[in-house]
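Down below is the structure, laid out as structure tokens.
Here the structure is a predicted model, which is why all the values come from computation and not from measurement. Lettering follows sequence order; numbering is per chain, from 1.
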2 protein chains.
Amino acid sequence: MKAEDKKSKRKEDVKKTILNAAKKLFVEEGYQSASIRKIAAEIGVSPTTIYLYYKDKSDIAYALHQEGFLVLKTLFSSLVSVEDPFERLKAIGRTYIRFALESPDFYELMFIMKDPMDHLDADSGEECWEEGKQVFEFLVFTIEECQQKGYFVGSDVSSTALQAWATVHGLCSLFISTHLQKVGEECLSQEDTELLLETAFKTYVHFLEQTKNNHK
Amino acid sequence: MKAEDKKSKRKEDVKKTILNAAKKLFVEEGYQSASIRKIAAEIGVSPTTIYLYYKDKSDIAYALHQEGFLVLKTLFSSLVSVEDPFERLKAIGRTYIRFALESPDFYELMFIMKDPMDHLDADSGEECWEEGKQVFEFLVFTIEECQQKGYFVGSDVSSTALQAWATVHGLCSLFISTHLQKVGEECLSQEDTELLLETAFKTYVHFLEQTKNNHK
DNA sequence: ATCAAAAAATTAACACTGTTAATATTTTTA
DNA sequence: TAAAAATATTAACAGTGTTAATTTTTTGAT
């Protein structure tokens, strides 16, 4: 038993070594360029060794995706102390956007790419998107509390949460895909696209504020 | 002169033949799988011939991206007849979403992938994203008219337009990347993710309606 | 300590990918 | 008809993910 534990622990260590090498190459040159062969060379093993620990490349992508969610969840966890739910909702949005701008590669892996998602329905282990579920439920919970304070009255909580997520994700995703930059340069004569993004977010928050039931 | 015209016209014909083959393979098996070699085989030429007409694969991607915008612009053009600007705004959103759901591959090429966008700053010809600019300006124009009718008072038009775009794009993008499906199954116990998307859109529209200045 | 069994890692290979240089073919022009 | 220009091809480079077969290493029992 003890021996088996040690064995599986060593196996986990190797998995982590591979993942760290993968992460290094991933943040340096992007997902596509972080090839199995490069990862193997980084830690001094043959390419096929990788397959002894990870099913395929999307398996590694999913593991990195999970690491990204660990970071995002940590960032969010410090927001539970924000008592006012609407302030918390705004903070969630700002934190989400900051994360996307600071770690665009990770954001892409977590919320844009299909590859890590394919791993979910294909693989045996986990059947649901646990990471996403947790983050989304924090948003739902916050919106529920907002509703109790008079915001979003008469609106479905799930739909409101989904819509709020879509708005910030849309902004981040357009930023990362450089579509925002292209429109910013030409149509809005505004080079600072981060500012553009932030202003759009503030406009959205302003709209949300107007849903507040004030006649009471 | 006439001869040169004919020559360049023939060249355009070949370009179109290549593009049609590329489009066929693209809609059938996706962008990644639509390889240069397959495109060449489809029209019975050698792979290198493709490079005599298109600089690289992202050049083809951009051409398809442009074709997609031609369709989207046609869809939008029939909305200019909608006189009420807020009704038109809603119609723009619905049309955009329908397009994304009906042609997810094209949507990905037009609004998600970086590849066709890279073509813009790299290549010589066009320096700006003309397609995107036109569609965005239609949105800006409509929102300006909405503002004159009392909507979005005190909000920046550009920011409002960007935010509206981001919201529908976010929904479409989460749908296409299957993230919406994964959250829908687990958190919202709702399999019909198209309905989920539509409901979120309606919730957003409801929020927009609440920005209307009624005390007059 | 030795030797067989199990585990781990490796080499070689398959079937692809985008892309380019050098070469051959076809078409056009004089 | 011959030279020039345009067009297309073959061969090759440098990669990619992935698998089967083989070798090396480690482990556990005698």
Ignoring hydrogens and geometry, is there a side-chain-to-backbone donor-acceptor pair from Y54(A) to K15(A) under 3.5 Å? yes
Aromatic plane relationship, F69(A) with W129(A) - under 30° parallel, 30 to 60° tilted, over 60° perpendicular: perpendicular
Can you check each nucleotide of nucleotides 10-22 of chain D against protein heavy atoms at under 4.0 Å and return B for base, S for sugar-phosphate only, - for none, in 5' to 3' order? BBB---BBBBB--
Without decimals, in angstroms, what is the distance between K11(B) NZ and dT27(C) P? 16 Å
What is the distance, rounded to the nearest whole Å, between atom CG of D115(B) and atom P of dT17(C)? 16 Å
What's the spacing between R88(B) CZ and F141(B) CZ if we round to 0.5 Å? 5.5 Å
Which residues, if any, of residues 107-114 of chain B bring a heavy atom under 4.0 Å of DNA chain C? none
With sequence neighbours excluded, tell me which residues meet side chain to side chain contact (heavy atoms under 4.5 Å, CB included) with K73(A). Q134(A), V135(A)
May I ask you to say what Y53(A) touches in the nucleic acid, namely base, sugar-phosphate or nothing, with a heavy-atom cut-off under 4.0 Å? sugar-phosphate
More than 12 heavy atoms of other residues, nucleotides or ligands under 6.0 Å from CD of E145(B): yes or no? yes
Under 4.5 Å between any side-chain heavy atoms of H179(B) and W165(A), yes or no? yes
Listed once per pair and sorted, the ring-ring contact (aromatic ring centres under 6.0 Å, His included) pairs that draw on residues 23-47 of chain A, sequence neighbours left out: F26(A)-F106(A)
Are F111(B) and Y96(B) an aromatic pair by the rule of ring centers under 6.0 Å? yes
Run the salt bridge (charged side-chain N to carboxylate O under 4.0 Å, His left out) test on K38(A) and E28(A) for me, step by step, so that the C-alpha distance in whole Å, both residues' side-chain angles and the decisive distance to 0.1 Å come before the verdict. CA-CA 12 Å; K38(A) 282 184 192 166; E28(A) 276 173 6; over 6 Å; no
Sequence neighbours left out, cut at 3.5 Å: what donor-acceptor pairs do the side chains of residues 39-46 of chain A make with other protein atoms?
from, atom 1, to, atom 2, distance (Å)
E42(A), OE2, K24(A), NZ, 2.8
S46(A), OG, T48(A), OG1, 3.2
S46(A), OG, T49(A), OG1, 3.2

Under 4.0 Å from any atom of DNA chain D, heavy atoms only: list the residues of residues 15-27 of chain A that qualify, in numerical order. none
Between L52(B) (CG) and dT9(D) (P), how many Å, whole number? 9 Å
